[in-house]
There are 2 protein chains.
Amino acid sequence: MEFTIKKSDILSKLETVSSAVASKTVKPILSGVLFKTLEEKKIELVATDLETSIKTFVNAETLEGKEDFVVEAKVLLEIIRSLHEGLINFKIEENILTIEMGQSFFTLPTMDASEFPEISPTEGGIRLETSVTNLEVMIERSIFCAAKDEFMRNLNGIYWELEDGYLRLVGADGFRLALVEKKVDTDVEDKFLLALKSMKDLQTSMKNASSDKMLIEYDGSRVGFYFNDTEMIARVVDADFPDYKKVLPKAFKTKLIVDSADFMDAVKRTSITARLGSESVKLEIAEDRMELLAKSPEHGEAKEEIKIKKEGEDLTIAFNPKFLMESLKNIDTDETELNFVDSNSPLQMNPVDVEGYLYIIMPIRLI
Amino acid sequence: MEFTIKKSDILSKLETVSSAVASKTVKPILSGVLFKTLEEKKIELVATDLETSIKTFVNAETLEGKEDFVVEAKVLLEIIRSLHEGLINFKIEENILTIEMGQSFFTLPTMDASEFPEISPTEGGIRLETSVTNLEVMIERSIFCAAKDEFMRNLNGIYWELEDGYLRLVGADGFRLALVEKKVDTDVEDKFLLALKSMKDLQTSMKNASSDKMLIEYDGSRVGFYFNDTEMIARVVDADFPDYKKVLPKAFKTKLIVDSADFMDAVKRTSITARLGSESVKLEIAEDRMELLAKSPEHGEAKEEIKIKKEGEDLTIAFNPKFLMESLKNIDTDETELNFVDSNSPLQMNPVDVEGYLYIIMPIRLI
């Protein structure tokens with residue numbers, strides 16, 4: 001079999017599927033991309049790590065013969081990236097793939113396509129139409145709060161919830177929580193947990209999306225994301241996400257409005273000293289100002305003061321500055337709202353006058 | 001004591017001296033910068049790791065009192081970087097340095113200035129005037145060939161040679177060699193070896209140089225670099241650099257001219273496969289073309305062909321592609337000259353029609 005494809009076409013499609021390729025695997029076939037010849041010079045590309053699978057199509061300029069094969073994804077991607085813009089010639093002969101362009105010539109051994117695991121698409125279940133752009137923003141604003149530790153299965157992911165006409169994404173790691181929600185056009189209610197790895201694969205595969213429409217389908221065990229020519233199927237995690245609603249603080253006693261940039265600056269600077277000491281920044285809130293304080297036994301102290309608009313009680317409370325900064329980075333309004341209950345209860349941080357997302361951060365106990 | 005300095009002034013000067021600060025040290029004082037109050041609101045900044053020392057001056061806007069102190073360089077630099085542009089206030093009281101600007105406030109413990117090692121300047125010896133810009137280019141084009149291994153004391157540095165009216169810098173790691181020379185206005189002859197760490201400190205300290213004049217002074221055991229308000233003193237390495245002239249190939253049998261970009265591209269691409277295999281790229285030189293070949297037992301083959309202008313014999317020879325690429329990166333002419341003796345002798349690579357620098361690369365023995 002022989003076919004030619006434009007470099008830019010095959011590159012973007014390979015990048016889309018490659019995120020699902022297993023990075024460490026005992027089954028070599030899972031490190032590969034399946035090339036499957038369809039009618040009309042269409043070639044299907046599939047990659048999977050058995051948890052997530054991504055399938056897309058690329059249009060060949062010319063195509064002769066028909067043969068399915070699997071080839072190692074990482075090396076192929078590197079080779080394609082290294083070539084100049086233009087038409088690349090691919091040829092399969094005796095299980096060897098030859099890639100040729102101008103004076104460049106590569107061969108790669110192929111693997112047996114029949115050994116590539118078949119991933120069945122989702123069947124029925126709930127369906128939801130959404131926008132790629134919206135979903136990208138929602139994921140970006142919640143994913144950083146998910147636990148990085150793979151062994152914390154119920155927190156190492158993002159919780160999806162359809163409720164009261166809202167799609168809600170929640171990420172939490174035991175110290176903090178991110179909640180992002182958007183109105184959606186459905187009254188179906190359901191929920192599932194997707195692994196962090198699947199969420200990142202989804203982010204990567206959406207990067208090359210050329211249209212904004214997306215269909216999400218959930219059949220009870222798998223979630224399908226369908227957009228452009230791409231479909232990503234992810235197995236949901238069989239673990240219970242904690243009842244996050246219990247964590248959301250109520251009955252605030254202190255409410256502040258701060259300038260987002262000033263607050264970020266002040267946290268950043270005090271974090272220099274905090275990092276060398278107890279990893280904590282103390283906020284002293286009184287009247288129209290907030291002092292930020294950090295101490296290190298060997299590297300002195302840091303103190304910052306910013307103006308605030310306050311309602312309610314004075315308060316002293318401490319946080320890991322890293323958590324404050326990571327949440328602030330995802331707030332793009334000029335002002336940020338900080339809501340406190342007391343020194344031992346979580347802070348709720350949210351953009352001013354923007355509905356639908358907030359961050360909860362646990363305080364560090366003051367001794 | 002109390003003084004104020006503009007942020008941009010203190011920052012660039014701190015960056016200049018900080019490269020000489022010892023990174024891992026058993027003597028805490030060596031992780032610090034010495035602040036020494038001079039007359040006329042001038043403050044001297046000094047850092048050293050005992051091998052290299054860098055001294056410079058910063059002008060205070062206001063200054064009251066007189067006190068010398070040492071403060072940890074890394075943390076201070078990070079604090080200064082984090083502050084906005086403007087006037088920073090420094091105050092020393094009971095061995096505590098207070099840094100204040102607007103609503104930002106830091107304290108840092110200081111160390112005893114009398115414990116800071118005194119570095120005496122060079123005395124007499126040979127003197128050479130040169131240009132900062134020239135020297136920067138010469139160092140950049142030779143330093144990447146120096147051995148990274150600190151235990152190879154005689155190769156873990158750059159060899160300086162004044163001979164026949166030329167200043168010559170040579171770096172070598174046993175597999176390759178870089179030689180860069182420039183005509184200089186002196187008939188003095190001498191040579192010394194400077195550690196890679198000293199060379200890198202020199203590179204960093206030159207980055208903020210605002211004028212181009214430099215004086216180099218060598219007194220037999222130390223080299224002084226004097227430019228702007230900065231002086232860097234480096235101890236020479238007490239080890240013999242190998243007789244590099246013996247390595248320079250003579251009596252070439254094959255001479256090629258290649259397009260630098262085409263050659264780089266071809267080496268880059270074949271290196272993908274080479275990296276996964278024997279780390280070697282074979283050059284097959286015949287008539288008006290050169291084939292580049294790489295093999296990997298598991299990841300197939302790569303082949304590239306480029307046009308050449310050849311004088312002399314056909315030849316087959318193999319190299320580590322990384323060495324070819326690193327040298328090529330430092331050749332900025334459109335064409336590159338490749339000179340060969342035979343398959344087992346080093347290649348000499350140099351820019352076409354540019355005098356004064358060349359790279360020697362040992363071949364990999366073909367089996």
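Remember, it's a predicted structure, so these values are computed and weren't measured experimentally. Chain identifiers are assigned alphabetically (A, B, ...) following the order of the sequence lines, protein sequences preceding nucleic acid strands; residue numbering begins at 1 within each chain.
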Please state whether the side chain, the backbone, both or neither of A:Glu78 comes within less than 4.5 Å of a heavy atom of chain B. both
SB check A:Lys13 A:Glu15 (cutoff 4.0 Å): no
Side chain, backbone, both or neither of B:Arg275 within contact of chain A (heavy atoms, under 4.5 Å): side chain
What part of B:Leu83 gets within 4.5 angstrom of chain A, counting heavy atoms only: side chain, backbone, both, or neither? both
Quick one: pull up CD1 in B:Ile308 and CG in B:Leu256 and give me the separation to the nearest 0.5 Å. 4.5 Å
Which atoms of A:Glu291 come close to chain B, meaning under 4.5 Å heavy atom to heavy atom: side chain ones, backbone ones, both, or neither? neither
Quick one: which of A:Lys322, A:Met325, A:Glu279 gives a side-chain contact (heavy atoms from CB on, under 4.5 Å) with A:Ser271? A:Met325
Under 4.5 Å from any heavy atom of chain A - which part of B:Glu100: neither
A:Lys303 bridged to A:Glu301 by N-O distance under 4.0 Å: no
Using 30° and 60° as the class boundaries, would you call the ring planes of A:Phe90 and A:Phe35 parallel, tilted or perpendicular? tilted
Out of B:Gly102, B:Ser296, B:Ser82, return the one with the most heavy atom pairs under 4.5 angstrom to chain A. B:Ser82
